[in-house]
Amino acid sequence: MAVKDDKVEELARRRGFLWQAYEIYGGTAGFYDYGPLGARLKRQLEAEWRLFYSLEGFFEIESPTIAPVSVFKASGHLSCFSDLAVVCNKCDSFFRVDEELTAGGKCPECGGELVAAGELNLMFQTRIGVPKGRDGTRRGEGYLRPETAQGMFVNFQRLLRFNRSKLPFGVIQLGKAYRNEISPRQSLIRLREFTMAEVEVFVDPEAKNSHPNFDNVRDRRIWINPAEGEECETSVEDAVRNGTIANEYLGYHIAKVKEFLERIGIPSDRLRFRQHRKDEMAHYARDCWDAEFMSRRYGWMEIVGIADRGDYDLSAHAMHSKVDMGVPTQTRSKIIPHVIEPSYGLDRIIYALLESAFTEEQVGKETRKVLRFVPELAPVKAAVFPLLNRTELKQKAEEVFQSLKRELVYVDYDDSGSIGRRYRRQDEIGTPYCVTIDYQTLEDDTVTIRNRDTMAQQRVRIADLPAVILADIRKLHV
RNA sequence: GCGGCAAUAGUCUAGCGGUAGGACACGGGCUUCCCAAGCCUGUAACCCGGGUUCGAAUCCCGGUUGCCGCACCA
C-alpha cells in the first residue's frame, strides 16, 4: 500500500479480485483473500483444469491437508526441510547449514562468527489429537502438507486396484498446500498457503518412451531453455528424440501443459519451458521442467513444474511403510512405476491470467482498462442495462436480466450512471458481453449485444440471447 | 531472516508540530436514444502500540504490512 502499486494489482484489489488477508489486523504476509470476483475466477479455472485432465481419463481424489510425520519422513520432506540454520553474530546474515557453513564457522559476508539459529523447517507443524502421552512423550506430530502429491502416493495401492491393476494411469488432486516461507513476497507469487493442482501419472519405467498418444503432440512447437545448450524453439518430438527431454511421457505432458495454459488465455509468446540444472532439482526429481510465464512486473516466473520423479516416492513409501508398492507384470517380476508429475501453482496462474488479460487503450480522452479474460473464465458472463433510466426500459431490462441469469448464472444488472460508464465498469472486470435494452426492444423484442474486445454491437432477439452467448463461449473449446 | 525506504477515504494523493484538503470511484437526485459527458447532493481516511510535547498524521522507539536489495524458494 505504501509504494505506488502496479496497475494490475491495484485493479484486482479495487474490483474485488484479491485482498491482503487479515487486513483489519494489519495483514499477515504470505496470505491472500480472493474476493467475490477472484474466487469466481479461480473456481472456474479449477473447473477448466478438472475438465482438461478428466478428458485424459485421469481420476481425481481428495486427501487431507494434514498428515502424520511418518509420511514426510518417507517422502524426504522432513529431512530436506529441517536443516539447521546459522546466523552471523556480526551482520545477522542468515544461512542454511551445509559442509562449508556450520556453527562456529566464518560468515562469508563479513567474516563474523556463525551461531546456530535453530531449525529451518518450511513445513507448518501441528499436533494431531492429544499432544502428550501418559508417559510424557510427545506424540501426534503432524504437518500441513507442502504438496498434494503425497496423498496420491500413499494411496497408490488403492488407486492401482481401482484401475484394475493396470498401468499407466493418472490421478489428479487439487487443493491447498502450505509452506512456511521465510520471506513471502510479490503478491500471489510466494504464498504461505496456496492452491496446487497436481497430476501424477504412474507408468511402467520401460514404457516411458512409448506414450500411446504421443502422435497427437509430436509436432507441437515449444520454447525451451535447456540446462545445457541454447534457448530455442523446437518440436516436442525433436526435443525428445535428441534427448533434451528425457522421454515421451515427459514430452507429452509438457505439451499438454502448454495446451492448457494457452486455452485459459496465457499467450504462448510469454511462455517457455526451462529445465532445472542438476543442483537446483528437488530431492525427488530426475528431470524437471518449469513452465515459466514472462511477467512484466516480476520477469520469468514458474507457474507449472513438470517433473520426472522416477520411482523415488513409491520406493520410499514402500520402504518406510513396509507395504509392497510393486505392480505385477506379465513377463517380468514386479516393477515400481515411475511418476511423471505436472504440478500447477494455481495462484501464480491467476496472477499470470490477470496480468496477461489486462490492457489499456486510449478511447478519446479516456483510458479504457479491459481485462480480456477468455469468456469461460470471466467472472461475469454478461451484464444487462436499460439504455436510459426510465421505468419502461428498466422493467424490460429486469425481465431480460432474470431470464438470462437462469441460463448463465453470472450476470450483472446495472442502471446507474450513463451507458458508457456502465460499459467501462464491465470492461474493467472482463465481462465479455453487455446487453442493452432500448426503445426498439419494447417494439420488437430485440436487444443489442456489445462485445468487450471490439466494442461492436449486434442486434439479436431476446429469445436467442443465451444461445448466442453460449455459442461464443464454447467456440473457444475446440 | 537482514539492510534501506515507505504507510492519509474504496483508489491515487496534498499536508510534515496547531481545525485533515483534492481528484477519481461509490450512493441518492436531475439530465441523457449507446461508450467513464454535465448539474445538484451525500458517504468516506491519518496502519497498530508506546514515548516526547500545552498540543503528534507530522518528531522518537517498537510492532505490522508493502516496495527494493541480499539471503531463502525442498
Side-chain angles (χ1 to χ4, degrees), chain A residues 1-7 9-16 19-31 35 72 75-83 85-88 90-96 101 107-110 117-118 120-123 146-147 177 179-187 189-192 276 280-285 288 290 297 301-302 305 307 345 363-370 385-390 393 416-428 434-442 447-452 454-457 459:
Chain A
M1 257 211 273
V3 171
K4 191 169 170 66
D5 272 298
D6 180 70
K7 286 174 180 175
E9 287 168 33
E10 185 271 320
L11 174 71
R13 174 169 42 248
R14 188 163 44 80
R15 298 307 306 268
W19 297 318
Q20 166 91 59
Y22 311 113
E23 208 176 5
I24 65 166
Y25 290 107
T28 303
F31 298 93
F72 301 113
S75 72
H77 286 93
L78 200 62
S79 54
C80 285
F81 264 25
S82 297
D83 288 346
V86 286
V87 64
C88 173
K90 238 170 101 184
C91 69
D92 283 326
S93 291
F94 182 83
F95 305 95
R96 168 173 292 226
L101 296 166
C107 172
E109 294 291 315
C110 71
L120 179 68
N121 195 329
L122 285 169
M123 285 192 294
E147 59 175 15
R179 297 179 193 182
N180 203 357
E181 295 283 352
I182 294 168
S183 72
R185 253 181 223 187
Q186 302 174 327
S187 73
I189 313 306
R190 284 176 75 183
L191 295 173
R192 289 185 163 130
H276 282 207
E280 64 173 321
M281 213 105 77
H283 63 275
Y284 50 71
C288 188
D290 285 345
R297 187 161 155 85
M301 64 189 223
E302 178 196 352
V363 178
K365 280 187 295 187
E366 302 293 337
T367 303
R368 188 170 87 108
K369 291 182 182 172
V370 192
F385 312 142
L387 179 60
L388 295 172
N389 199 359
R390 296 276 161 72
L393 291 177
S416 148
S418 70
I419 188 80
R421 176 182 299 271
R422 289 177 247 156
Y423 284 142
R424 293 293 189 271
R425 278 190 192 123
Q426 296 300 328
D427 289 341
E428 228 180 36
C434 291
V435 174
T436 298
I437 280 70
D438 55 20
Y439 283 107
Q440 190 181 331
T441 310
L442 302 179
V447 293
T448 59
I449 301 188
R450 178 261 200 187
N451 180 290
R452 176 194 69 198
T454 63
M455 296 199 286
Q457 287 173 268
R459 189 163 274 278

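Order of the sequence lines fixes the chain letters, A, B, ..., with proteins taken first and strands second; residue numbering starts at 1 for each chain.
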Problem - P atoms of B/C47 and B/U58, separation to the nearest Å - result: 8 Å
Handout entry: A/Y423 side chain, from C-beta outward: closest of B/C67, B/G10, B/C35
Key = B/C35
Practice task
Quote, to the nearest angstrom, the P distance that separates B/A36 from B/C26.
Solution key: 13 Å
Problem - Whichever of A/P184 and A/K369 has its nearest RNA chain B nucleotide further upstream toward 5' - result: A/K369
Problem - Nucleotide of B/U32, B/G1, B/U65 approaching A/I182 most closely (side-chain heavy atoms) - result: B/G1
Exercise for the section: Select one nucleotide: of B/C33, B/U11, B/A36, the one nearest the side-chain heavy atoms of A/R390. Expected result: B/C33
Exercise for the section: Determine: side-chain N/O of A/Q20 to OP1/OP2 of B/G66, distance under 4.0 Å, yes or no. Expected result: yes
Problem - B/C26 OP1/OP2 closer than 4.0 Å to side-chain N/O of A/R14 - result: no
Practice task
For A/L388, enumerate each residue passing the side chain to side chain contact (heavy atoms under 4.5 Å, CB included) test, keeping only those at least two apart in sequence or located in another chain.
Solution key: A/R390, A/L393, A/Y439
Problem - Side-chain donor/acceptor of A/R190 to base of B/G66, under 3.5 Å - result: no
Exercise for the section: Nearest whole angstrom, please: distance from the C1' of B/C35 to the CD1 of A/I449. Expected result: 17 Å
Problem - Test item: side-chain donor near acceptor, A/T436 and A/Y423, under 3.5 Å - result: yes
Handout entry: A/S418 vs B/A37: side-chain N/O to OP1/OP2 distance below 4.0 Å
Key = yes
Practice task
Using the six-membered ring wherever Trp is involved, compare the ring planes of A/Y22 and A/F31 and label them parallel, tilted or perpendicular (cut-offs 30° and 60°).
Solution key: perpendicular
Exercise for the section: When you get a sec, tell me which of B/G1, B/U32, B/C73 is the closest nucleotide to the side chain of A/L388? Expected result: B/U32
Handout entry: Contact check, side chains of A/R368 and A/M455, non-hydrogen atoms, under 4.5 Å
Key = yes
Problem - Inter-nucleotide P distance (B/G22, B/A44), Å rounded - result: 14 Å
Exercise for the section: Counting heavy atoms from C-beta on, name the nucleotide in B/G27, B/C67, B/C33 closest to the side chain of A/R185. Expected result: B/C67
Problem - Interatomic distance at C1', B/G21 relative to B/A9, whole Å - result: 12 Å
Practice task
Just name whichever nucleotide pairs with B/U32, Watson-Crick or G-U, keeping both distances under 3.5 Å, else none.
Solution key: none
Handout entry: Donor/acceptor link under 3.5 angstrom from A/S183 side chain onto base of B/C72
Key = no
Exercise for the section: Can you check whether any acceptor in the base of B/C73 is under 3.5 Å from a donor in the side chain of A/E181, or vice versa? Expected result: no
Problem - Distance-only donor-acceptor test (3.5 Å): side chain A/T367, base B/A36 - result: no
Practice task
Return no unless some side-chain N or O of A/R421 is found under 4.0 Å from OP1 or OP2 of B/A25.
Solution key: yes
Handout entry: hbond_proxy A/R422 side chain to B/C35 base (donor-acceptor, 3.5 Å cutoff)
Key = no
Exercise for the section: Specify the closest pair of heavy atoms between A/E428 and A/L11, including all atoms of both residues, with the distance to one decimal. Expected result: CG-CD1, 3.3 Å
Handout entry: Donor-acceptor pair (no angle test) under 3.5 Å: A/D438 side chain, B/C33 base
Key = no
Exercise for the section: Keeping the roles fixed (side chain from A/H283, backbone from A/S75), state whether a donor-acceptor pair exists under 3.5 Å. Expected result: yes
